Every structure is written in structure tokens, then in C-alpha cells.
Amino acid sequence: MGPKSVTEKLLGILALGAMLVGSYIGLAVVPADAAQGNVQRLMYVHVPAAWLAFLAFFVVFVMSVLYLIQRDERWDNVAAASAEIGVVFTVVTLLLGMMWGKPTWGVFWTWDPRLTTTAILLAIYVGYGALRSFADDAEKRARWSAIVGVIGFANVPIVYMSVTWWRTLHQPPSSPRSVAPDILWTLMLNLAAFTLVYAYLMVRRIRLAKLEGELEKRMAYNA
Amino acid sequence: MELEGLSKRFGWNWALRDASVRVEAGTTLCLVGPNGAGKTTLLKLVATLLRPSGGDAFVMGHSLSKDPDEIRQRTGFMTVRGFLYDDLSAAENLHFTMRMGGLKPRREVVGRVLERIGLDDVADNRMRTFSTGMRKRLALGQLLVRPIEVALLDEPYSGLDSQGMQLVDEVVSEFKAAGTTVLLASHQDGEAVREAEQTGILRKGRLEILPDSEPLSRHLSVGGPAGAPEVV
Amino acid sequence: MSVLHRAWAIVWKDLLIEARTKQSFNAMVFFAALVLFIFSFALGPDTELLQRVAGGLLWVGIAFTGLLSLSRTYQNEETSGGLEGLRAYPGDPRAIYLGKLLGNIVLLLLVEAVLIPAAGILFQANLWPHAWGLALVSVLGTIGFSLVGTFYSALTVNLRAREVMLPLLLFPALVPVLLGAVNATTLILEGDLMGEAIVWLRVLGAFDIIFFVICIWIFPIALEE
Amino acid sequence: MRKWSVIGVVYVVALILLWVYTGQVGMENRGFIFAGYGLTWGALLWYAFRLESREQTTARAVDSFAVAGD
């Protein structure tokens, strides 16, 4: 509620700068991949987005377990923030997966194990969000969403494993070729940039969650 | 049983605000007060169905917040509608209650209780066919099939004819003789209410224990099961 | 083992009520038949195609029929004060989960006993030589389905839009079960020459064990107040 | 909100530059690359904007109520 702290502003500028540099290098500086050509440049946004989605949902998992043990409202706020941001990153990942899939595989959507798992991840955390919006009582909402946060995440490895088996029984998995160093560096840079963006959005979203909690208390108090 | 500042808050309004009272074993505390004053909330708290927002209660020495299961072992709770199943017969309902109480259901125990509550002739009829009065008697029967040390009765008289009310009074006096503590919430005047050693008035979540001298009738609606004027 | 004692009491009560009223069973069999008919109309008389997708159609039918029975799991509790009624009794609340879980599994298996032969006839798939294989897959699949289903139906029982919330939470979690069951069934129907079905049975088995542990561990928290 | 309209303009200009650049350099599949980067930046900026507007409306709502005593 107070004036935005300096560190937060700094984090925001840092994140923006890193993203600009990352995209610039990814698009204009680093040479295109020999085999795939320029479309491979989408890797510098697709892969980091997927990794951040996964990280966000892992944070939701950890916060959910913490909440179930300590029942501290702060963990619930962080979990809610991370889940919402995770959904944004997952949608971006899926869209980029399609943009990349069309030229390389000729179709917008294939049941590739990673894409499928990401889609299921999206369904799980859209469910998480819907549950939060339907539960009125703050304590129940926190407890129930923490439960879905734990079960939802525990499901991910099994989903990935079963989907991979499902696909590999039909088509061999694309073995990751050795990646050229400059491509790897660009990828790492973008991954760092995306992580900064995640951190910045988290700070903002957690504050919003606190505000919403306070509003709920005041509305009930004055009701 | 001992309540120490027991409170319960839904959202932001206090359904019950630091209720404190001590009820000796084998005695009855009667709770009176308008609807929504917190009677049912208090009973649900003692029955461990609601978690206290503040304070605590000790039933037979067990703390409500620390070991609720110990309390559940010793408590019987008769709600307004009872925990009964329409598609089971009266006997089957009591069988289920015994099993859920961790007991091996025995036919003669169920038979005796059904006789006691005057439902032995309809023992095998499905509860769906019962009137509210009969359903109420069966709910009372649920308290008799399990050995309990604390009996919580929420509006036991509602829906009962005078004979039914008399049955409730008999059962309550049996509980007292057996050393069972009784917590009775009712806004209808009945013998058990008058016999209660302690009476508490509940208004807007506040519990106030009446000194014995004060006449009870001022707080009770007059007359039996017929429509009663709202309590003062 | 008082937990099993109480769980059995709940199973006995639910199955007795179900045997008397048949509310769920009739609705489920009717719904399953409807789903199968719609599939066979939609896919037309091409028997070769029907046989190939029989496994998939069967499990879609089972999943949605199962969903019907899940949303009713705590229905007959409503009249008796809902879950609160069961929570008033002493003992570990996990008994409630176990009781409702067993009830759901038995009910769904009974419906499958009608549904699978019917699907065999409708889709002209000769099931008889693979009876044992199919039985194993349906048992493992039904357990997996009911494990997560019974848990989530308890979680969503006093949520506002629970008819929407139950499938929304349930189906993403059921992907491994559906994948495993559909693929195992299809392979078994095709004779499973290369023995790939065992892979899927292991997926189902792993899912059942993992989620049984998780649901049992978390269930009391879901039931609080 | 003026800040966000500036950001919006800068974003559109950047998209145009990207489109022109990928054309000049003659990137094959430029459409997909353009869409990919445009979507990523657009989604993140849009979400940041949504967060800020939600924060302001919630903060205003909170101030309009008396402080909830305990």
C-alpha cells in the first residue's frame, strides 16, 4: 500500500532490460540454427516460458505444503500469486509451441509429450483458479486450494511419464542434439530474463493478494 | 465440562463470543435464547463439528482443540433433523449408529432402545415413512445406543407431542441419574428445562448464566408444542 | 482396526440404500447405454473402425458414467446433515473416505459389468477371449478413477458450482488413468502381440498406489469443519 | 494510466520495427517468429497492466472502508 519500494522499481527495470537484451540477441545477433533456420529463434522465448511455468507451479506446490502445515495466510497469498502467473506463462508456452510447431511439424498441435503435459498443467491450474473464485470463506479457500496445489503438482510427473510412453510407443522421441554454445548462452540469458520477470510479477501479485485479503476483511467487518 | 472463553467467528461476525461456564457431571445446562443467538453454534463446538476461533472447552478433561476425537468418543449429539437415513429402517439406522460409534451392533440393544422410544412396532419400516415426531424419537434413540458421557440436545422438543416431550424429560433424567452431563438448547418450556441446574441466556453470541433465583418463564415461550411467541 | 470397521459400516449403509433405491445404478446404466449408442450412431456401421476405437469409446463411457455417480457420492448424506453427520462420530475421518471409495468402486464395477458386454455387442468386438485382461484393466482403471474422484467430490461437496468444479478438477488428474486404461484395453482387444499392455498396467498400478497414499494422507485436512 | 498508453505505443512501434527488420533480413517463416515474440511481449505487458489496474481499484476499495478492528 505504501509507495513502491526502490528495490521493486529496480527489479522491474532490470527485468525489462534483461528481456529487451534477450529478445534482441535472440532475434538479431545469434546466428540461426543450421538445421531449423530462423524459426528456431522461437526457442529463446518458448523454452524459458515453459521453464518458468514449471517453476511457478513448483512454488505453488511448496507454498501449498507450507500452508497445510503452518496455516499461515502469507503462504496462501504466495501460492495464489504464483499459480496465476504460472497460468500466464503456460498460455504463452502453448501459443509459442504452436507457432513453432506449424513450420517445423506442419501442424499447430501435436500430442508431443511436453506440449501435452503443458496443456494438462494449464487445465489443472485453471481448475485451481476456479476453485479459488468459487470458495467464499477465506480459510476454506486457502486450505482447499492448497490441497489442489499439492495433488495437482504430484500429478505432473505421472502425466509426463504416461504421455511420453504414449507417444514413444508410436514415434521415437526427438533426441536433444548437442546445442551450439552461442545458442546455449542466448537461451540462458533469456531464461534469466524470464526469471526476473517472474520475480517482479510475483512481488506485484503478492501485494495485490494482501490487498484483496484486507478488502475482504473490511467488507465483512462493515457488513 | 468446562467452557473457557469459547468463541466462534464466521467471516467477521461473532456467532459466539467468549462463553464460559462450568457444568458438573450429571447436571444439565439449559440454553435459551432467540433463534440465531448461537445455541446451535455452541453445541456444534462442543460436538467438535466446528473449530473454535478462540478460547477452549474441556470435556471430561479433554481439550476441544487438542484432542477432539477423545471428546467425540464420549459425546452424543442430537441435531434438529438427526443423523438419519430415509432409506434405512429404524433398526438399521440404530445399527449404523452403533457401528459408527465403534461398537458391534447387537440386536437386543437396538430392540431395547426401540422399545424405550416407542418405535418397536415400526422397527423395520423405512424412516421415509416416519412423521417428524417419530423421526425425532429415533434421533433420541441414537443417543441411547452408545455409551456417552455428554449428551447434546438441540431443540429436542420441537415436533414432539406431549407424550414425546415426556419421553425426552424421562431420558434426560435417566442421563442425569447415570452421571451424564446434558447440554440442552430449547426455546420451549419443558420439565427438563425447568429441572436444569443451570440456565444460560444466549443473545447475539453472548452467554449469560442466570442466577437460580430469577424465574425462568420470563425467558421461555409459554405453552408446549403449539406455536409459541418469540422469546423475550 | 476401527477405521476399517467404520469404513465397512459406511459401505454397508451406502450399498444397502443403493440396493433399495437403485437411484445411482439405474441412472448410470441408462447414461452409459446412451453414450454407447451415440458413439455407434456417430461412427456409423464401419465395424472395422468401431473395433479399433472400442477401447477409447468404452472408457469415455465409463469416465462420464463414473462422474455421474461421484457427484452423488455424498448425496444420500444430505438428508442426514451432510458430511457433518459422519464427522460427528468418533474415529479417524479417513474411514469416511475409505467407505465412500469402496462404495464407488463396487458401484462402478457393477455398472461396468453391464457396460462392457454391451459395448462388445454394439461394437462387434469379440471380448470373450480377452475377458481376464479386460477385467484386470477395468479394476485397475476403476480404482484409479474412484480414488481421485471420491477425494475431489468430498472437497467440492460444499462448493458453490460443484457440478462444474468436480469435472474441472478431476479430469486433468485422470489423464494417466484414461491413457493407461484406453491403451491397455485397445491392445488387449488387438491380442497384444508385443506385450505392450503390461506397460500400461504398470502405469495404472503406479497411479493407484501413489494417489491412494496422497488421498489418504490429505483427506482429513479436506474434511476439516 | 498515461504511463501505460506510452508503453502501448512503444510496443506497437517495436512490432512494426520487428516486422520491417525480419522482412529486410529475409527471414523465412518470419510470420511465426513475429507472432511468437509479439505474443510473448504482449501477454507479459498486458498482464502487468492488468495487475496494476487491479491493484489500484482494490486499494481504492480498501480505503473506502473503515479499518477492520479485531
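Order of the sequence lines fixes the chain letters, A, B, ..., with proteins taken first and strands second; residue numbering starts at 1 for each chain. These numbers come from the heavy atoms of this one structure, side chains and all, not from hydrogens, waters or symmetry mates. Model, not experiment: these values are computed from the prediction.
Of the residues considered (A:Val148, A:Val150, A:Val159, A:Ile147), A:Ile147 shows the highest number of contacts with chain C, using heavy-atom pairs under 4.5 Å. Of the listed residues (A:Asp136, A:Val126, A:Leu121), the one with the most heavy-atom contacts under 4.5 Å to chain C is A:Asp136. Between chain A and the options C:Leu159, C:Val148, C:Val175, C:Leu168, the largest number of non-hydrogen pairs under 4.5 Å is found for C:Leu159.
Note that CD1 of C:Ile221 is 4.5 Å distant from CG of A:Leu68, once rounded to the nearest 0.5 Å. Here A:Ile151 contributes atom CD1 and C:Phe211 contributes atom CZ; the two are 6.5 Å apart, rounded to the nearest 0.5 Å. Distance check, rounded to the nearest 0.5 Å: CD of C:Glu224 to CH2 of A:Trp144 gives 11.5 Å. A:Ser162 OG to C:Trp200 CH2: the interatomic distance, rounded to the nearest 0.5 Å, is 6.0 Å.
The shortest distance between side-chain heavy atoms of A:Asn155 and C:Pro176 falls below 4.5 Å. Looking only at side-chain heavy atoms (C-beta outward), A:Phe134 and C:Thr156 stay at 4.5 Å or farther from each other. Using a 4.5 Å cut-off on side-chain heavy atoms (C-beta onward), C:Leu155 and A:Arg143 make no contact.
The two residues A:Ile124 and C:Pro172 make their nearest non-hydrogen contact at CG1-CB, 3.4 Å. Between A:Ser133 and C:Arg160, the shortest heavy-atom contact is O-NH2, 3.7 Å.
Neither the backbone nor the side chain of A:Val156 comes within less than 4.5 Å of any heavy atom of chain C. Residue contact with chain A, scored on non-hydrogen atoms closer than 4.5 Å, involves the side chain of C:Leu169 exclusively. Heavy atoms of A:Arg71 lying under 4.5 Å from chain C belong exclusively to its side chain.
Heavy atoms of other residues, nucleotides or ligands lying less than 6.0 angstrom from CZ of A:Phe54 number 12 at most.
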